[in-house]
**Student:** 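If you scroll down you'll find the structure; I have some questions about it.
The analysis underlying the following values was restricted to heavy atoms, covering all of them including side chains, and did not include hydrogens, waters or symmetry mates. Computed from a prediction, not measured in an experiment: that's the story for all the values here. Every number for a ligand or one of its atoms is a count from 1 in the order of the listing.
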Amino acid sequence: MVEVSGLVKRYNGVAVVDGVTFNVKRGEVFGLLGPNGAGKTTTMEMIEGLRVPDEGEIRIDGMDVVRERDRVKHVIGLQLQSTALFEHMTVREMIVLYSSFYPHARPVDELLTAFDLQEKRNTWVKHLSGGQKQRLAIALAVVHDPQVLFLDEPTTGLDPGARRALWDIILRLRDEGRTVFLSTHYMEEAEQLCDRVAIMHQGKIIALDTPAGLIRQLDVDSVVEFTWESELDSSPLAALSGVKEVRRSEDRNVMLLTERLPETLRDLISWSETSGVPLSGLRTRTATLEDVFLHYTGKRLT
Ligand SMILES: Nc1ncnc2c1ncn2[C@@H]1O[C@H](COP(=O)(O)OP(=O)(O)OP(=O)(O)O)[C@@H](O)[C@H]1O
């Protein structure tokens, strides 16, 4: 549905998007995951036709985004990071205004209901909560019933309840048959929502697969973590059964990525007893996309 090939954007001679190639399938939720400044917004805005690429080609539903911009506009819906909402208009007035831009718009009441905004229909935009504003921004993005929806960090700054409500809405839009392309720096969001995820770092896609596939590629099932109180040599940890990777962070957190959790734990505890090193805050968890990101970049996502 969305085909991107060899995309490059430079600012002052620096490539902030540096040779990006991927395809988004019809009907999937596709996530672009990366830290602030990775190039997500620049990539999305080129695909949306809002910025002109220096190199590369973008097609949406077979149409060239740069050359056939007017045709593409009818099949895409945009929720930008800074969607301009008029503060002194009501929710209903905003939807009516946006609907007037298109020859065929969805009925206003249907949108109010679908985005749980019926009760707020006569409320000024400035009095909406963050979650309600985002729901309105997405409702405005779908007034013309687009096939592809772009959401740029839709849940940034929302509390967990509002975030989950928005996740439900995004999944429903997918279930209606739409293709959803979203950017996020929340790995949990990418794991929960996305059928496939592209991890972006310094302008490049460094990994792309389903969330489960990305984690599987690590060859790691679990992570053992504990706090290391003093300066010690961590090399014996790499030799423990099942350990694939040892990571130490500045806050003295130690992570052992393991493919055989029971053996690693058994060896770790006996090593702790013989060496006299306490395992403060010992805990285990399954591997996540955060571990995938750390593996490829050596950095934390957030
Ligand atoms: N118009 C511009 N002029 C100069 N530099 C820019 C411009 N737009 C973006 N950049 C730079 O490009 C890089 C990528 O920015 P971009 O906004 O695409 O990242 P992002 O991954 O979306 O980050 P965020 O999560 O903060 O939105 C940043 O270093 C940014 O400063």
**Student:** Would you say Phe150 ends up clustered with Leu50 if hydrophobic residues are merged whenever their side chains have heavy atoms under 4.5 Å apart, either directly or through other cluster members?
**Tutor:** yes
**Student:** Any side-chain donor-acceptor pair under 3.5 Å between Gln202 and Asp18?
**Tutor:**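 Checked: Gln202/Asp18 side chains show no N/O donor-acceptor pair below 3.5 Å.
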**Student:** Taking non-hydrogen atoms within less than 4.0 Å of ligand 1, which protein residues qualify?
**Tutor:**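 The 4.0 Å shell around ligand 1 contains Tyr11, Val16, Pro35, Asn36, Gly37, Ala38, Gly39, Lys40, Thr41, Thr42, Arg51, Gln81, Glu153.
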**Student:** By side-chain hydrogen bond (donor to acceptor under 3.5 Å, both in side chains), which residues pair with Glu245, not counting sequence neighbours?
**Tutor:** Arg247, His295
**Student:** Without hydrogens or angle criteria, can the side chains of Gln118 and Thr113 be said to hold a donor-acceptor pair below 3.5 Å?
**Tutor:**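 Yes.
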**Student:** Not counting sequence neighbours, which residues clear ring-ring contact (aromatic ring centres under 6.0 Å, His included) with Phe22? List them please.
**Tutor:** Phe30, Phe181
**Student:** Among residues at least two apart in sequence or on other chains, which ones pass side-chain hydrogen bond (donor to acceptor under 3.5 Å, both in side chains) with Asn23?
**Tutor:**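 Scan of Asn23 (side-chain hydrogen bond (donor to acceptor under 3.5 Å, both in side chains), adjacent residues dropped) gives none.
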